Amino acid sequence: MEKISPRTLSGFMELLPQRQALFDKMAEILRTSFSLYGFTPLDTPLIESAEVLLAKGGGETEKQIYRLKKGDSDLALRFDLTVPLAKYVALHGNELTFPFRRYQIGKVYRGERAQRGRFREFYQADIDIIGDGTLDIMNEAEIPSIIYRCFTTLGLQKFVIRVNNRKVLTGLFELSGVGDKAGDVMRIIDKLEKIGKDKVLKLLEEDAGLGADQAEQIVDIVTCQERGDDPIEKLTALKGRNETFDLGLSELSAVTKYMGDFGVPASHYKIDLTIARGLDYYTGTVYETMMTDQPEVGSICSGGRYDNLAGYYTDRKLPGVGISIGLTRLFFVLEDGGYLNDEVCTAPADVLILPMTDDLRHAIALATAMRQEGLRVQMYAENKKFKARLSYADKLKIPYVAFLGEDEIKDGFVTVKDMASGEQTTASAAMIITALKDNIRRLSEGVPIREPKK
RNA sequence: GUGGGUAUAGCUCAGUUGGUUAGAGCGCUGGAUUGUGGUUCCAGAGGUCGAGGGUUCGAGACCCUUUACCCACCCCA
(Lines give C-alpha, C1' and ligand atoms only; values in the text may rest on other atoms or scores of the structure.)
Protein backbone atom coordinates (compact mmCIF):
# COMPACT_ATOMS: atom_id res chain seq x y z
CA MET A 1 0.00 0.00 0.00
CA GLU A 2 1.27 3.44 -0.82
CA LYS A 3 2.13 5.45 2.25
CA ILE A 4 1.11 9.00 2.83
CA SER A 5 4.23 11.06 3.24
CA PRO A 6 4.37 12.44 6.76
CA ARG A 7 4.80 16.18 7.01
CA THR A 8 4.32 19.09 9.33
CA LEU A 9 2.64 22.21 8.02
CA SER A 10 4.62 25.35 7.35
CA GLY A 11 4.67 27.65 10.32
CA PHE A 12 4.04 24.90 12.84
CA MET A 13 6.88 24.07 15.19
CA GLU A 14 7.49 20.45 16.10
CA LEU A 15 10.36 19.54 18.39
CA LEU A 16 12.40 16.45 19.11
CA PRO A 17 12.18 15.17 22.69
CA GLN A 18 15.21 16.95 24.15
CA ARG A 19 14.25 20.29 22.66
CA GLN A 20 10.70 19.80 23.83
CA ALA A 21 11.94 19.19 27.35
CA LEU A 22 13.89 22.44 27.19
CA PHE A 23 10.86 24.28 25.87
CA ASP A 24 8.77 22.95 28.73
CA LYS A 25 11.39 24.06 31.20
CA MET A 26 11.13 27.56 29.79
CA ALA A 27 7.39 27.51 30.21
CA GLU A 28 7.82 26.25 33.75
CA ILE A 29 10.18 29.10 34.62
CA LEU A 30 7.61 31.56 33.32
CA ARG A 31 4.85 29.96 35.37
CA THR A 32 6.96 30.16 38.50
CA SER A 33 7.89 33.79 37.82
CA PHE A 34 4.28 34.78 37.19
CA SER A 35 3.13 33.21 40.41
CA LEU A 36 5.75 35.24 42.32
CA TYR A 37 3.75 38.29 41.34
CA GLY A 38 0.45 36.85 42.48
CA PHE A 39 -1.03 35.81 39.15
CA THR A 40 -3.53 33.01 38.99
CA PRO A 41 -3.49 30.44 36.18
CA LEU A 42 -6.24 30.40 33.59
CA ASP A 43 -7.11 28.26 30.63
CA THR A 44 -9.70 29.02 28.00
CA PRO A 45 -10.85 27.09 24.92
CA LEU A 46 -8.72 27.05 21.79
CA ILE A 47 -11.89 27.33 19.77
CA GLU A 48 -14.48 30.00 20.29
CA SER A 49 -17.50 31.11 18.39
CA ALA A 50 -16.42 33.24 15.43
CA GLU A 51 -18.82 35.94 16.56
CA VAL A 52 -16.98 36.30 19.87
CA LEU A 53 -13.46 36.26 18.41
CA LEU A 54 -14.30 38.61 15.57
CA ALA A 55 -16.27 41.06 17.70
CA LYS A 56 -13.90 43.83 16.80
CA GLY A 57 -14.06 42.88 13.17
CA GLY A 58 -12.18 44.06 10.11
CA GLY A 59 -8.47 44.48 9.61
CA GLU A 60 -5.72 41.94 9.97
CA THR A 61 -7.54 39.84 12.49
CA GLU A 62 -10.30 39.03 10.09
CA LYS A 63 -7.79 38.13 7.37
CA GLN A 64 -5.57 35.99 9.57
CA ILE A 65 -8.02 34.10 11.69
CA TYR A 66 -8.55 30.40 11.14
CA ARG A 67 -12.25 29.93 10.72
CA LEU A 68 -14.09 26.64 10.65
CA LYS A 69 -17.56 25.37 10.18
CA LYS A 70 -18.96 22.41 12.05
CA GLY A 71 -22.51 21.79 11.12
CA ASP A 72 -24.24 25.12 11.53
CA SER A 73 -21.74 26.56 14.01
CA ASP A 74 -19.37 29.27 12.86
CA LEU A 75 -16.18 28.74 14.82
CA ALA A 76 -12.67 30.18 14.94
CA LEU A 77 -9.31 29.41 16.52
CA ARG A 78 -8.12 32.06 18.92
CA PHE A 79 -5.43 34.31 17.44
CA ASP A 80 -4.36 35.73 20.81
CA LEU A 81 -5.14 35.22 24.48
CA THR A 82 -6.40 38.72 25.13
CA VAL A 83 -9.71 38.49 23.30
CA PRO A 84 -10.61 35.22 25.06
CA LEU A 85 -9.67 36.93 28.32
CA ALA A 86 -12.01 39.80 27.51
CA LYS A 87 -14.82 37.34 26.90
CA TYR A 88 -13.95 35.45 30.08
CA VAL A 89 -13.96 38.55 32.24
CA ALA A 90 -17.18 39.83 30.70
CA LEU A 91 -18.80 36.44 31.23
CA HIS A 92 -17.57 35.75 34.75
CA GLY A 93 -17.06 39.31 35.96
CA ASN A 94 -19.56 38.91 38.77
CA GLU A 95 -17.72 35.90 40.18
CA LEU A 96 -14.21 37.34 39.90
CA THR A 97 -12.37 39.48 42.40
CA PHE A 98 -10.77 42.63 41.02
CA PRO A 99 -8.12 43.62 40.24
CA PHE A 100 -8.01 40.28 38.48
CA ARG A 101 -4.49 39.03 37.80
CA ARG A 102 -4.23 36.03 35.58
CA TYR A 103 -1.56 34.33 33.53
CA GLN A 104 -2.20 32.02 30.63
CA ILE A 105 0.18 30.00 28.49
CA GLY A 106 -1.34 28.54 25.38
CA LYS A 107 -1.24 28.11 21.65
CA VAL A 108 -2.69 30.70 19.32
CA TYR A 109 -3.24 30.58 15.57
CA ARG A 110 -2.66 33.09 12.80
CA GLY A 111 -3.18 32.20 9.18
CA GLU A 112 -0.45 34.40 7.80
CA ARG A 113 2.55 33.44 5.69
CA ALA A 114 5.22 31.84 7.88
CA GLN A 115 8.63 33.44 8.09
CA ARG A 116 11.85 33.43 10.05
CA GLY A 117 10.73 33.52 13.68
CA ARG A 118 7.09 33.81 12.65
CA PHE A 119 4.72 30.94 13.09
CA ARG A 120 1.14 30.13 12.32
CA GLU A 121 0.76 28.17 15.51
CA PHE A 122 2.68 29.51 18.46
CA TYR A 123 2.66 29.77 22.21
CA GLN A 124 1.92 32.97 23.97
CA ALA A 125 2.51 33.48 27.66
CA ASP A 126 0.21 36.27 28.74
CA ILE A 127 -0.18 38.13 31.98
CA ASP A 128 -2.88 40.70 32.47
CA ILE A 129 -4.21 42.76 35.34
CA ILE A 130 -7.82 43.81 34.95
CA GLY A 131 -9.32 46.50 37.14
CA ASP A 132 -12.96 47.17 37.90
CA GLY A 133 -13.56 50.73 36.72
CA THR A 134 -10.04 51.90 37.55
CA LEU A 135 -6.53 50.53 37.61
CA ASP A 136 -3.59 52.22 39.26
CA ILE A 137 -0.57 53.31 37.26
CA MET A 138 1.65 51.20 39.55
CA ASN A 139 0.51 48.12 37.66
CA GLU A 140 1.91 49.56 34.46
CA ALA A 141 5.34 49.81 36.04
CA GLU A 142 5.12 46.37 37.61
CA ILE A 143 4.55 44.60 34.29
CA PRO A 144 8.00 45.34 32.83
CA SER A 145 9.59 44.19 36.04
CA ILE A 146 7.93 40.83 35.49
CA ILE A 147 9.35 40.69 31.97
CA TYR A 148 12.75 41.51 33.40
CA ARG A 149 12.50 38.76 35.99
CA CYS A 150 11.26 36.17 33.51
CA PHE A 151 14.01 36.86 31.01
CA THR A 152 16.83 36.99 33.52
CA THR A 153 15.59 33.84 35.22
CA LEU A 154 15.77 32.18 31.82
CA GLY A 155 19.42 33.23 31.74
CA LEU A 156 18.91 35.96 29.16
CA GLN A 157 20.86 39.19 29.42
CA LYS A 158 20.88 40.74 25.98
CA PHE A 159 17.42 42.26 25.78
CA VAL A 160 15.90 45.65 26.22
CA ILE A 161 12.37 46.57 27.24
CA ARG A 162 11.21 49.61 25.34
CA VAL A 163 8.46 51.72 26.82
CA ASN A 164 6.27 54.37 25.34
CA ASN A 165 2.87 55.91 25.87
CA ARG A 166 0.23 56.19 23.20
CA LYS A 167 -1.31 59.27 24.77
CA VAL A 168 2.00 61.05 24.34
CA LEU A 169 2.00 60.19 20.64
CA THR A 170 -1.67 61.00 20.16
CA GLY A 171 -1.24 64.32 21.95
CA LEU A 172 1.85 65.06 19.93
CA PHE A 173 0.00 64.42 16.72
CA GLU A 174 -2.84 66.66 17.83
CA LEU A 175 -0.34 69.39 18.64
CA SER A 176 1.13 69.04 15.17
CA GLY A 177 -2.28 69.17 13.58
CA VAL A 178 -2.06 65.72 12.07
CA GLY A 179 -5.79 65.28 12.37
CA ASP A 180 -7.41 61.99 11.41
CA LYS A 181 -4.16 60.63 9.98
CA ALA A 182 -2.92 59.74 13.48
CA GLY A 183 -3.22 56.00 12.84
CA ASP A 184 -1.18 56.11 9.66
CA VAL A 185 1.41 58.37 11.22
CA MET A 186 1.79 56.01 14.17
CA ARG A 187 2.33 53.04 11.88
CA ILE A 188 4.93 54.89 9.84
CA ILE A 189 6.76 56.24 12.90
CA ASP A 190 6.97 52.68 14.13
CA LYS A 191 9.14 51.80 11.13
CA LEU A 192 11.86 54.26 12.07
CA GLU A 193 14.27 51.70 13.37
CA LYS A 194 13.75 49.39 10.43
CA ILE A 195 13.78 51.70 7.41
CA GLY A 196 15.47 54.82 8.75
CA LYS A 197 14.64 58.46 9.12
CA ASP A 198 14.70 59.50 5.46
CA LYS A 199 12.26 56.87 4.28
CA VAL A 200 9.96 57.62 7.20
CA LEU A 201 9.91 61.31 6.31
CA LYS A 202 9.12 60.39 2.75
CA LEU A 203 6.29 58.08 3.79
CA LEU A 204 4.87 60.65 6.17
CA GLU A 205 4.64 63.12 3.33
CA GLU A 206 3.50 60.75 0.58
CA ASP A 207 1.27 58.29 2.43
CA ALA A 208 -0.01 60.34 5.35
CA GLY A 209 -0.06 63.65 3.51
CA LEU A 210 1.89 65.61 6.08
CA GLY A 211 3.75 68.77 5.26
CA ALA A 212 7.52 68.56 5.22
CA ASP A 213 7.83 70.76 8.32
CA GLN A 214 5.18 68.77 10.16
CA ALA A 215 6.90 65.47 9.40
CA GLU A 216 10.31 66.84 10.31
CA GLN A 217 9.04 68.17 13.62
CA ILE A 218 7.41 64.89 14.65
CA VAL A 219 10.39 62.78 13.67
CA ASP A 220 12.71 65.17 15.47
CA ILE A 221 10.89 64.78 18.78
CA VAL A 222 10.30 61.09 18.46
CA THR A 223 13.95 60.27 17.73
CA CYS A 224 15.38 62.47 20.46
CA GLN A 225 16.52 59.48 22.53
CA GLU A 226 18.68 58.31 19.64
CA ARG A 227 20.65 61.51 19.91
CA GLY A 228 21.18 61.04 23.63
CA ASP A 229 18.51 63.45 24.81
CA ASP A 230 16.34 62.66 27.80
CA PRO A 231 12.87 62.13 26.28
CA ILE A 232 11.09 63.18 29.46
CA GLU A 233 12.90 66.52 29.42
CA LYS A 234 12.29 67.01 25.76
CA LEU A 235 8.58 66.27 26.19
CA THR A 236 8.25 68.42 29.28
CA ALA A 237 9.09 71.43 27.16
CA LEU A 238 5.85 70.83 25.23
CA LYS A 239 3.70 70.57 28.32
CA GLY A 240 0.54 72.58 28.96
CA ARG A 241 -0.76 72.75 25.42
CA ASN A 242 -2.66 69.49 25.06
CA GLU A 243 -4.55 67.56 27.69
CA THR A 244 -3.96 64.10 26.26
CA PHE A 245 -0.29 64.81 25.84
CA ASP A 246 0.10 66.03 29.44
CA LEU A 247 -1.69 62.99 30.78
CA GLY A 248 0.51 60.67 28.73
CA LEU A 249 3.63 62.44 29.85
CA SER A 250 2.74 62.13 33.52
CA GLU A 251 1.96 58.43 33.03
CA LEU A 252 5.20 57.82 31.21
CA SER A 253 7.15 59.61 33.94
CA ALA A 254 5.44 57.65 36.68
CA VAL A 255 5.95 54.32 34.95
CA THR A 256 9.64 54.84 34.31
CA LYS A 257 10.20 56.16 37.81
CA TYR A 258 8.58 53.12 39.46
CA MET A 259 10.27 50.66 37.12
CA GLY A 260 13.59 51.40 38.78
CA ASP A 261 12.04 50.76 42.18
CA PHE A 262 10.71 47.44 40.88
CA GLY A 263 14.27 46.44 40.14
CA VAL A 264 14.55 46.92 36.41
CA PRO A 265 18.06 48.29 35.80
CA ALA A 266 18.43 51.25 33.44
CA SER A 267 20.53 49.06 31.14
CA HIS A 268 17.51 46.93 30.31
CA TYR A 269 14.83 49.46 29.50
CA LYS A 270 14.52 52.67 27.62
CA ILE A 271 11.86 55.15 26.66
CA ASP A 272 11.45 54.83 22.92
CA LEU A 273 8.99 57.27 21.44
CA THR A 274 8.94 55.40 18.13
CA ILE A 275 7.25 52.25 19.32
CA ALA A 276 3.58 52.42 18.72
CA ARG A 277 2.49 49.04 17.67
CA GLY A 278 0.85 46.13 19.30
CA LEU A 279 -2.81 45.68 18.72
CA ASP A 280 -4.78 48.84 18.40
CA TYR A 281 -6.68 48.47 21.65
CA TYR A 282 -3.78 49.91 23.61
CA THR A 283 -4.57 53.35 24.98
CA GLY A 284 -1.65 54.33 27.19
CA THR A 285 1.61 52.67 28.14
CA VAL A 286 2.99 50.26 25.55
CA TYR A 287 5.92 47.86 25.83
CA GLU A 288 8.04 46.00 23.38
CA THR A 289 10.98 43.71 24.14
CA MET A 290 13.68 42.77 21.66
CA MET A 291 16.74 40.59 21.86
CA THR A 292 19.63 42.94 21.19
CA ASP A 293 21.58 40.27 19.28
CA GLN A 294 18.71 39.36 16.95
CA PRO A 295 16.61 42.49 16.53
CA GLU A 296 15.52 41.43 13.05
CA VAL A 297 13.29 38.72 14.47
CA GLY A 298 11.18 41.41 16.05
CA SER A 299 9.48 41.75 19.36
CA ILE A 300 9.56 38.79 21.72
CA CYS A 301 7.19 40.36 24.15
CA SER A 302 4.71 43.17 23.67
CA GLY A 303 1.85 44.65 25.56
CA GLY A 304 0.37 47.69 27.11
CA ARG A 305 -2.48 49.43 28.78
CA TYR A 306 -6.03 49.28 27.46
CA ASP A 307 -8.87 51.29 28.93
CA ASN A 308 -11.76 49.15 27.95
CA LEU A 309 -10.92 45.48 27.54
CA ALA A 310 -14.35 43.97 27.22
CA GLY A 311 -16.29 46.75 25.54
CA TYR A 312 -17.60 44.43 22.85
CA TYR A 313 -19.16 42.11 25.42
CA THR A 314 -20.29 44.26 28.32
CA ASP A 315 -21.00 47.83 29.43
CA ARG A 316 -18.89 47.28 32.51
CA LYS A 317 -15.73 49.31 32.26
CA LEU A 318 -12.73 47.08 32.69
CA PRO A 319 -9.37 48.77 32.19
CA GLY A 320 -6.30 46.59 32.16
CA VAL A 321 -2.66 46.20 31.42
CA GLY A 322 -0.91 43.13 30.10
CA ILE A 323 1.84 41.64 28.04
CA SER A 324 2.30 38.66 25.86
CA ILE A 325 5.56 36.75 25.59
CA GLY A 326 5.97 34.99 22.26
CA LEU A 327 7.25 31.76 23.70
CA THR A 328 7.69 29.98 20.37
CA ARG A 329 9.54 32.92 18.91
CA LEU A 330 11.68 33.25 22.02
CA PHE A 331 12.62 29.59 21.80
CA PHE A 332 13.34 29.96 18.09
CA VAL A 333 15.59 32.93 18.74
CA LEU A 334 17.55 31.07 21.40
CA GLU A 335 17.95 28.03 19.17
CA ASP A 336 18.79 30.15 16.13
CA GLY A 337 21.43 32.06 18.04
CA GLY A 338 22.95 28.82 19.34
CA TYR A 339 22.15 29.91 22.87
CA LEU A 340 20.34 26.86 24.16
CA ASN A 341 22.32 25.32 26.95
CA ASP A 342 23.11 21.65 26.40
CA GLU A 343 23.95 21.26 30.07
CA VAL A 344 20.32 21.62 31.05
CA CYS A 345 19.02 18.26 32.12
CA THR A 346 16.49 17.13 29.54
CA ALA A 347 16.54 13.47 30.53
CA PRO A 348 13.09 11.97 31.01
CA ALA A 349 14.37 10.01 34.01
CA ASP A 350 17.05 10.16 36.71
CA VAL A 351 17.63 6.43 36.81
CA LEU A 352 17.29 3.62 34.33
CA ILE A 353 16.84 0.21 35.92
CA LEU A 354 18.15 -2.75 33.95
CA PRO A 355 16.69 -6.01 35.19
CA MET A 356 19.10 -8.82 34.26
CA THR A 357 16.98 -11.75 35.33
CA ASP A 358 13.75 -13.20 34.00
CA ASP A 359 12.05 -12.51 37.30
CA LEU A 360 11.22 -8.80 37.29
CA ARG A 361 9.92 -8.57 40.84
CA HIS A 362 13.12 -7.17 42.37
CA ALA A 363 13.46 -4.55 39.66
CA ILE A 364 9.85 -3.46 40.04
CA ALA A 365 10.24 -3.25 43.82
CA LEU A 366 13.36 -1.13 43.38
CA ALA A 367 11.62 1.19 40.92
CA THR A 368 8.70 1.59 43.30
CA ALA A 369 10.98 2.37 46.22
CA MET A 370 12.93 4.93 44.18
CA ARG A 371 9.77 6.64 42.93
CA GLN A 372 8.52 6.76 46.48
CA GLU A 373 11.59 8.87 47.24
CA GLY A 374 10.93 11.20 44.33
CA LEU A 375 13.42 9.81 41.86
CA ARG A 376 12.28 9.66 38.26
CA VAL A 377 12.70 6.07 37.18
CA GLN A 378 12.37 4.04 34.03
CA MET A 379 12.80 0.29 33.67
CA TYR A 380 14.21 -1.23 30.54
CA ALA A 381 12.98 -4.77 30.23
CA GLU A 382 13.24 -5.20 26.46
CA ASN A 383 15.08 -8.25 25.34
CA LYS A 384 18.05 -6.41 23.86
CA LYS A 385 21.76 -6.80 24.17
CA PHE A 386 23.31 -5.24 27.21
CA LYS A 387 25.10 -2.60 25.19
CA ALA A 388 21.87 -1.59 23.51
CA ARG A 389 20.31 -1.04 26.90
CA LEU A 390 23.17 1.13 28.08
CA SER A 391 23.10 2.99 24.83
CA TYR A 392 19.44 3.75 25.50
CA ALA A 393 20.39 5.48 28.75
CA ASP A 394 23.17 7.28 26.96
CA LYS A 395 20.97 8.61 24.19
CA LEU A 396 18.30 9.78 26.59
CA LYS A 397 21.02 11.33 28.79
CA ILE A 398 19.74 9.44 31.81
CA PRO A 399 22.52 10.08 34.33
CA TYR A 400 22.34 6.81 36.31
CA VAL A 401 21.81 3.17 35.42
CA ALA A 402 20.98 0.58 38.09
CA PHE A 403 21.80 -3.08 37.40
CA LEU A 404 19.92 -5.85 39.07
CA GLY A 405 21.58 -9.15 38.19
CA GLU A 406 21.63 -12.49 39.94
CA ASP A 407 24.64 -11.50 42.06
CA GLU A 408 23.04 -8.27 43.25
CA ILE A 409 19.73 -9.96 44.05
CA LYS A 410 21.44 -12.77 45.93
CA ASP A 411 23.30 -10.28 48.16
CA GLY A 412 20.45 -7.77 48.42
CA PHE A 413 22.50 -5.10 46.64
CA VAL A 414 22.12 -2.79 43.67
CA THR A 415 24.90 -1.74 41.30
CA VAL A 416 24.67 1.81 40.02
CA LYS A 417 26.67 3.25 37.18
CA ASP A 418 27.28 6.97 36.87
CA MET A 419 27.05 7.49 33.13
CA ALA A 420 29.11 10.65 33.12
CA SER A 421 32.12 9.26 34.95
CA GLY A 422 31.62 5.57 34.20
CA GLU A 423 32.08 4.84 37.89
CA GLN A 424 30.12 1.95 39.43
CA THR A 425 29.03 1.46 43.00
CA THR A 426 27.44 -1.56 44.63
CA ALA A 427 25.49 -1.05 47.85
CA SER A 428 22.14 -1.62 49.50
CA ALA A 429 19.09 -0.12 47.79
CA ALA A 430 18.50 2.28 50.68
CA MET A 431 22.02 3.68 50.50
CA ILE A 432 21.90 3.97 46.74
CA ILE A 433 18.62 5.85 46.84
CA THR A 434 19.89 8.34 49.41
CA ALA A 435 23.06 8.99 47.42
CA LEU A 436 21.19 9.37 44.13
CA LYS A 437 18.73 11.86 45.58
CA ASP A 438 21.64 14.06 46.66
CA ASN A 439 23.40 13.82 43.34
CA ILE A 440 20.30 14.50 41.28
CA ARG A 441 19.52 17.58 43.30
CA ARG A 442 23.03 18.87 42.73
CA LEU A 443 22.87 18.15 38.99
CA SER A 444 19.71 20.17 38.47
CA GLU A 445 20.72 23.23 40.47
CA GLY A 446 21.41 26.53 38.80
CA VAL A 447 21.68 25.53 35.17
CA PRO A 448 20.23 28.31 33.01
CA ILE A 449 18.37 27.58 29.78
CA ARG A 450 20.62 29.98 28.02
CA GLU A 451 24.30 29.14 27.63
CA PRO A 452 26.41 31.15 30.10
CA LYS A 453 28.11 34.16 28.54
CA LYS A 454 31.53 33.22 27.21
C1' G B 1 -2.53 39.03 -0.46
C1' U B 2 2.48 40.63 -3.26
C1' G B 3 7.68 39.55 -4.75
C1' G B 4 12.03 36.27 -4.86
C1' G B 5 14.46 31.46 -3.95
C1' U B 6 14.79 26.17 -3.14
C1' A B 7 13.26 20.88 -3.79
C1' U B 8 18.81 14.74 -4.56
C1' A B 9 19.30 9.07 1.56
C1' G B 10 16.23 9.88 8.23
C1' C B 11 19.24 15.01 8.67
C1' U B 12 22.79 18.71 6.33
C1' C B 13 24.30 18.99 1.54
C1' A B 14 27.83 17.75 -3.19
C1' G B 15 26.70 16.15 -8.15
C1' U B 16 31.37 19.51 -14.01
C1' U B 17 28.89 22.38 -21.13
C1' G B 18 23.12 16.69 -20.59
C1' G B 19 26.74 10.75 -20.94
C1' U B 20 28.14 3.97 -17.61
C1' U B 21 25.66 1.26 -11.71
C1' A B 22 23.67 9.02 -8.23
C1' G B 23 27.83 10.49 -3.81
C1' A B 24 29.84 12.56 1.17
C1' G B 25 29.40 13.72 6.37
C1' C B 26 26.20 12.85 10.34
C1' G B 27 22.46 9.41 11.92
C1' C B 28 20.68 4.17 11.66
C1' U B 29 21.69 -1.51 11.79
C1' G B 30 25.26 -5.43 12.68
C1' G B 31 30.21 -6.96 14.27
C1' A B 32 35.11 -6.32 16.98
C1' U B 33 33.05 -6.56 22.85
C1' U B 34 26.86 -12.53 24.99
C1' G B 35 27.38 -7.85 32.32
C1' U B 36 29.15 -2.08 30.09
C1' G B 37 27.22 3.23 26.77
C1' G B 38 29.59 7.65 25.18
C1' U B 39 35.61 7.11 21.96
C1' U B 40 37.94 3.84 17.96
C1' C B 41 37.97 0.18 13.90
C1' C B 42 35.25 -2.99 10.25
C1' A B 43 30.87 -4.17 7.52
C1' G B 44 25.85 -3.09 5.94
C1' A B 45 20.98 -1.12 4.97
C1' G B 46 18.74 3.07 3.09
C1' G B 47 17.11 7.07 -3.22
C1' U B 48 10.15 6.39 -8.03
C1' C B 49 16.54 12.77 -7.62
C1' G B 50 8.99 16.72 -4.85
C1' A B 51 4.87 15.43 -8.61
C1' G B 52 3.13 15.52 -13.87
C1' G B 53 4.30 16.44 -18.86
C1' G B 54 7.95 17.84 -22.76
C1' U B 55 12.92 18.26 -25.55
C1' U B 56 16.82 14.40 -26.54
C1' C B 57 19.95 8.47 -28.84
C1' G B 58 20.38 9.70 -23.56
C1' A B 59 17.68 14.18 -18.22
C1' G B 60 19.18 14.63 -11.18
C1' A B 61 20.84 18.58 -14.71
C1' C B 62 17.33 21.87 -20.11
C1' C B 63 11.80 23.69 -20.97
C1' C B 64 6.53 23.94 -19.28
C1' U B 65 2.89 22.99 -15.48
C1' U B 66 1.94 21.96 -10.45
C1' U B 67 2.66 21.23 -5.26
C1' A B 68 5.38 21.92 -0.96
C1' C B 69 8.85 24.47 1.75
C1' C B 70 12.14 28.77 2.70
C1' C B 71 13.16 34.15 2.54
C1' A B 72 11.24 39.14 2.22
C1' C B 73 6.99 42.78 2.07
C1' C B 74 2.20 43.68 4.65
C1' C B 75 1.23 42.83 9.61
C1' C B 76 2.76 40.84 14.04
C1' A B 77 4.64 37.25 19.48
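Reminder, nothing fancy here: chain letters follow the sequence lines and each chain counts from 1. No experiment lies behind these values; they were computed from the predicted model shown.
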K.L.:
With a 3.5 angstrom cut-off on both distances, give the Watson-Crick or G-U wobble partner of U39(B), or none if there isn't one.
P.N.:
none
K.L.:
Side chain of Arg113(A): nearest nucleotide among A77(B), C75(B), G1(B)?
P.N.:
G1(B)
K.L.:
Taking NZ from Lys387(A) and P from C28(B), how many angstroms apart are they, rounded to a whole number?
P.N.:
13 Å
K.L.:
When you get a sec, tell me which of C75(B), G37(B), U36(B) is the closest nucleotide to the side chain of Met419(A)?
P.N.:
G37(B)
K.L.:
Which of the following nucleotides, G37(B), G3(B), G31(B), is nearest to the side chain of Lys385(A)?
P.N.:
G31(B)
K.L.:
Please work out if Ala125(A) contacts a base, only the sugar-phosphate, or nothing of the nucleic acid, heavy-atom cut-off 4.0 Å.
P.N.:
nothing
K.L.:
Measure from the side-chain heavy atoms of Gln115(A) and tell me the nearest of U36(B), A72(B), A77(B).
P.N.:
A72(B)
K.L.:
From C70(B), G35(B), G37(B), pick the nucleotide closest to the side chain of Leu390(A)?
P.N.:
G37(B)
K.L.:
Nearest to the Asp407(A) side chain among U33(B), G35(B), G1(B), which nucleotide is it?
P.N.:
G35(B)
K.L.:
For the residue pair Gln225(A) and Asp272(A), confirm or rule out a side-chain donor-acceptor distance under 3.5 Å.
P.N.:
yes
K.L.:
Would the base of G37(B) count as contacting Asp394(A) through its side chain, where contact means a donor and an acceptor less than 3.5 Å apart?
P.N.:
yes
K.L.:
Using the closest heavy atom to pick a nucleotide of RNA chain B for each, name whichever of Phe332(A) or Lys417(A) lands nearer the 5' end.
P.N.:
Lys417(A)
K.L.:
Once you round it to whole Å, what is the distance between P of C69(B) and CD of Glu14(A)?
P.N.:
13 Å
K.L.:
I want to verify a distance call: between C75(B), G37(B), G35(B), whose nearest atom is closest to the Lys191(A) side chain?
P.N.:
C75(B)
K.L.:
State whether the distance check finds a donor on one side and an acceptor on the other, under 3.5 Å, for side chain Arg118(A) versus base C75(B).
P.N.:
yes
K.L.:
Rounding to an integer number of Å, can you tell me how far Asp418(A) CG sits from U36(B) C1'?
P.N.:
14 Å
K.L.:
Would you mind telling me which of A77(B), U33(B), C28(B) lies closest to the side-chain atoms of Lys395(A)?
P.N.:
C28(B)
K.L.:
Identify which nucleotide among A72(B), G38(B), A77(B) has an atom closest to any side-chain atom of Arg329(A), counting heavy atoms from C-beta outward.
P.N.:
A77(B)
K.L.:
Whole angstrom is fine here: how far is it from OH in Tyr380(A) over to C1' in U36(B)?
P.N.:
14 Å
K.L.:
Identify which nucleotide among A77(B), C75(B), U36(B) has an atom closest to any side-chain atom of Arg187(A), counting heavy atoms from C-beta outward.
P.N.:
C75(B)
K.L.:
Taking donor-acceptor contacts at under 3.5 Å, does the side chain of Glu288(A) reach the base of A77(B)?
P.N.:
no
K.L.:
Any salt bridge between Lys181(A) and Asp207(A), counting N to O under 4.0 Å?
P.N.:
no
K.L.:
Check every strand shown and say whether Glu296(A) touches a base, only sugar-phosphate, or nothing at a heavy-atom separation below 4.0 Å.
P.N.:
nothing
K.L.:
Identify whether any heavy atom of Phe119(A) sits under 4.0 Å from a base atom; if not, whether one sits that close to sugar-phosphate; answer base, sugar-phosphate or nothing.
P.N.:
base
